[in-house]
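None of these values were measured; they are calculated from a predicted model.
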Amino acid sequence: MHVAAIDMKTSRPLKIVGWILLGITVIVILFFLLFDWNMLRPYINRKVSETTGREFAIRGDLDVKFQRGLDSERGWRRYVPRPYVSANDVTMSNPTWSTVGPQMAAAQRVEVGLHVLPLLRKDVVITDLRLAGPDIAVQRLEDGRNSWTFKDNGPSQWEVDIQRLSFDSGKLRYQDEPLRLDLRADARSIDGQQTAPTEGVPPYGLAFTLSGTYNKAKIVGGGKAGAVLSLTGEDITFPIEAKASAGENKLGLRGVVRDPRSPSGFALKMELAGASMADLYGLTGVLLPETPPYSTRGDLLGKKDGEFWTFTYKDFTGKVGASDLAGTLSFAQRKPRPFLSGSLTSKQLRLADLGPTIGADTGAGTKAAGRVKAPPAGKALPVEGFNTEKWGALDADVKFSGKRIVRTNDIPLEDLEATIRMKDKVLTLTPLSFGMAGGRITSNIRLDGNGKTLDAGARLAARGLKIRELFPKLQSMQASFGEVNGDGVLAGKGNSVAAMLGTSHGEINAVVTEGSVSQFMLELAGLNVANAIFVKIFGDKQMMLNCVAAQTTVRNGRANIDRFVLDSEDAVVNMSGYVDLASERLDLDVRPKTKGARVLSLRTPLYARGTFTEPKVGPQAGPLALKAGAAVALAAVNPLAALLPLVNIDKAPDTNCGAEIKEATKPPKVNAKTPPKPVAAR
């Protein structure tokens, strides 16, 4: 009896507490049901306007009702009633400078579902946000100001989390002055009657049309999208399909957005085309070179890690000018700069399509767009300046390989390999290599864009270039053999190829250790008329080359021929002079000497002079005139004596090829402005 009495005494206070809590709950519910929420509209309008610095207004009815949770929620939470705040005719003004309209956002009706308990932790968890008839107009100015950034009130103690967004027919206008974009979208509900793009994905709920202008070109397009976007959980499926064009720029998307808050991100089929890849910078932030018109298609993937996104254009194929292109590129948002990485391949690369990258003209596709500045009259080197202003916009590490390189010159190029890196406004191609004339040229190139003028440096190594393939159209050279090997280093300053070469310093060396050359070519080079005719009548043959050695020093853009000797079993040829890269002029003397007697030989020094665009090559007039004058004078005495000045009986001494090659194979000097020595091509 004593124990029972204690239990009765304990249970009675508990019942009282329970009744009190139930009474409070009933009072709260009755309060929410009977309270006129419109009385709070002036306070809410004033408070939001003060906080944002914009005029905010709820002009229609304001109401609060309780509903159970969403069916998509798991566990007991779906059964817990929660308040749903509804407001009619809601507006938020644009800043006074805006020209896209007085209202930044307006909606016929806004409904907001909230979790109550998180409010105690200053967390606003919006389980459901529904917009009816939204009309949004936002703008970004050239100076960087935008209409969607509100008054800065310092760090907020409140966190806002939106879990589900749904909307019906509405309008959007986005004007972006830096992008020269004025986009309008008009959406209408289609009640889920359209077929879903993928099995298991909700049907389309909205159809939209696109209009406006981009770079003064008219925008035409449209598409379909889902009407509900879930922003939490692991099973997010938001379908989208869109196509738009503005002049030569075309974009197509089709696929499903999957969980944008988790690493699964989204996967979309994308088609992209435009007048130049450089135009993508404004839209994407990806720094790409100027190119001729391009078109690509592939998979666009996105994933989010913390606050940063990584976008991958996977397994894409396409064309740039007349070149094909394929590969995978990833663009990762990170600090202090985003990072572009990936690999590109081309089965057929037209070298002209890369012209804008180095400031060269590339024909109608680019020239018509006025993108490349042509060299002045009488000049050959590219003068178009590199635009380094955006070099600090990203870092990059991209590998490129091209199987066949198409160009206008006779010597084909193949198997181009390049690793392109950008870091801290320094662009390097380490290495850049390609096959040429049966051999390979490997180079390291460095361009430092941190100053007003580019600091440029390059090292190159040529290995195994076949003599006969260096002259593919000369039949007399096809039986020649031997290989050319060389090394070079150059450094210069300037914002164009012409300026860099015109200020360059460095050395270039080349040798041929063993080989052969056409006898006809040697006789012709020495103006040995009778011997050349004899060779052509009775047949050409190969003359053994003992060595070829060349050394050139470059100072202030002037390449001086310090050493050039060609030694064969029949003759020795020396060359002197210079090639001026700054003025684009050359002045070279070629002095052949025979190792045996020659009849009807006009052997005399040759010259190559003039500009790069109009060089003049021929025998030097002075020595040739002396021989001709002597022949005329002797002809007056005896006609046969006229042949005496044309008989060459001088014998040139053999060249010390070992010493010449030793000097010419010394590594070019290195300085701080030039890249490290490239790995020798194999």
Quick one about [Y] and [X] (side-chain donor to acceptor, distance below 3.5 Å, no hydrogens or angles considered), yes or no?
X: R297; Y: T317; answer: no
X: T312; Y: S330; answer: yes
X: N444; Y: R446; answer: no
X: Y578; Y: D580; answer: no

Could you measure the distance from the [atom1] atom of [X] to the [atom2] atom of [Y]? Nearest 0.5 Å is fine.
X: L501; Y: E584; atom1: CG; atom2: CD; value: 9.0 Å
X: H505; Y: L490; atom1: NE2; atom2: CG; value: 10.5 Å
X: L268; Y: L300; atom1: CG; atom2: CG; value: 5.5 Å
X: S504; Y: K493; atom1: OG; atom2: NZ; value: 13.5 Å
X: T213; Y: R184; atom1: OG1; atom2: CZ; value: 9.0 Å
X: S147; Y: Q175; atom1: OG; atom2: CD; value: 9.5 Å

pair [X]-[Y]: side-chain heavy atoms closer than 4.5 Å:
X: T328; Y: Y313; answer: no
X: M270; Y: F316; answer: no
X: F311; Y: L301; answer: no
X: D143; Y: R145; answer: yes
X: N560; Y: T552; answer: no
X: T419; Y: P431; answer: yes
X: Q139; Y: N146; answer: no
X: L429; Y: S443; answer: no

Heavy-atom closest contact ([X] atom, [Y] atom, distance):
X: A458; Y: I445; answer: CB-CG1, 4.1 Å
X: P239; Y: Y204; answer: CB-CE2, 3.7 Å
X: K347; Y: D324; answer: N-OD2, 2.9 Å
X: G506; Y: R555; answer: O-NH1, 3.5 Å
X: R140; Y: Y174; answer: NE-OH, 4.2 Å
X: A664; Y: A550; answer: CB-O, 3.9 Å

**Report entry** Worked check of side-chain contact (heavy atoms from CB on, under 4.5 Å) between L344 and V398
**Finding:** CA-CA 8 Å; L344 300 173; V398 177; 4.2 Å; yes
Decide if atom [atom1] of [X] counts as having more than 12 heavy atoms of other residues, nucleotides or ligands within a radius under 6.0 Å.
X: R421; atom1: CZ; answer: yes
X: K314; atom1: NZ; answer: no
X: K243; atom1: NZ; answer: no

Please confirm whether the backbone N or O of [Y] pairs with a side-chain atom of [X], one donor and one acceptor, at under 3.5 Å?
X: N485; Y: G464; value: yes
X: T209; Y: G222; value: no
X: E177; Y: E142; value: yes

Query raised in the report: Which is it for F339 and D397 under the side-chain contact (heavy atoms from CB on, under 4.5 Å) test, yes or no, and what are the steps along the way?
Result: CA-CA 8 Å; F339 182 63; D397 190 336; 3.7 Å; yes
**Report entry** Test log, rule side-chain contact (heavy atoms from CB on, under 4.5 Å), inputs L325 and F400
**Finding:** CA-CA 10 Å; L325 203 61; F400 176 81; 3.9 Å; yes
Report task. Give the intermediate values and the outcome of salt bridge (Lys or Arg N to Asp or Glu O under 4.0 Å) for residues D299 and K269. Result -> CA-CA 5 Å; D299 295 328; K269 297 287 185 183; 2.8 Å; yes
**Report entry** Trace of the side-chain contact (heavy atoms from CB on, under 4.5 Å) decision for L340 with M422
**Finding:** CA-CA 9 Å; L340 178 68; M422 176 78 80; over 6 Å; no
Query raised in the report: Can R254 and E241 be counted as an ion pair, charged N to O under 4.0 angstrom?
Result: yes
Query - R337 with D424: basic N within carboxylate O range, under 4.0 Å - result: yes
Report summary line: Exactly one candidate in R459, R463, K666 meets salt bridge (charged side-chain N to carboxylate O under 4.0 Å, His left out) with D487; the answer is R463
